[in-house]
Structure formats: C-alpha cells, structure tokens
Amino acid sequence: LAWFGTVIVSPNISELHFEKQIDEYILPSKRLSSFRRMEIYNNHYWWRLFRFLQDKFPLTVKLIGTGSFNKYA
C-alpha cells in the first residue's frame, strides 16, 4: 500500500524508473499495460490536486495564469 501511494504521488513516474516494480504489483488489462494503468492513476491524482488548488486560490491563478500556477503549485 505504501508503494502504491509513493508511485501515485510521484510527479513523473516514467522518469523515476518504476516500470519494473509496476509490472510486479499491477496486472495488465486486455488493452493497457501495467505501466499505462498506473500512469493513468498518477495523472488523475495530479489533475485533481491542481484543480483543488486552483479552486482554493482563484486570484493567484488569475494573476499568474493557469500554466504558471500549475508549474509552481
């Protein structure tokens, strides 16, 4: 469980060489590899986090723009 959390909250799982570990813990589906499945979970975690932060700090987003906000959030 701790391993899964570590992978999910990592900013870029492809650069952190989790591929071999992911294959050990996550089964592939008929259409997606194990790594791709985990990558989807990872992306959705970050999208939800940024969306939450954007909702909490709308003035900051307006002042510096969404791209800059997401880069430095």
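The structure presented is a predicted model; accordingly, all values stated were derived computationally and were not measured. Side chains are part of it too, since the values below use all heavy atoms of this structure and drop only hydrogens, waters and symmetry mates.
Within the 4.5 Å cutoff, no side-chain heavy atoms of F57 are placed close to those of Q54. By the 4.5 Å heavy-atom criterion applied to side chains, F50 and T66 are not counted as neighbours.
Other residues, nucleotides and ligands contribute more than 12 heavy atoms inside 6.0 Å of the CZ atom of F4.
Taking CD of E19 as the reference point, atom CD of E39 lies at 9.0 Å (rounded to 0.5 Å). The distance from atom OG of S34 to atom CD1 of I22, rounded to the nearest 0.5 Å, is 8.0 Å.
Residues T60 and F69 approach most closely at CG2-CD1, 3.8 Å, considering heavy atoms. The two atoms that bring N42 and V7 nearest to each other are ND2-O, 3.1 Å, heavy atoms only. F18 and S10 get closest at one heavy-atom pair: CE1-OG, 3.7 Å.
In the hydrophobic cluster analysis, where Ile, Leu, Val, Met, Phe, Trp and Tyr join through side-chain heavy atoms closer than 4.5 angstrom, I40 is grouped apart from I8. Both W46 and Y41 sit in one connected hydrophobic cluster of ILVMFWY residues. Membership requires side-chain heavy atoms under 4.5 Å apart, directly or through other members. Clustering ILVMFWY residues whenever any of their side-chain heavy atoms sit less than 4.5 angstrom apart, transitively, puts F35 in a cluster other than the one holding L32. Under the 4.5 Å side-chain contact rule for hydrophobic residues, I13 and W47 do not share a cluster.
The only member of R37, Q21, R36 that meets side chain to side chain contact (heavy atoms under 4.5 Å, CB included) when paired with I26 is R37.
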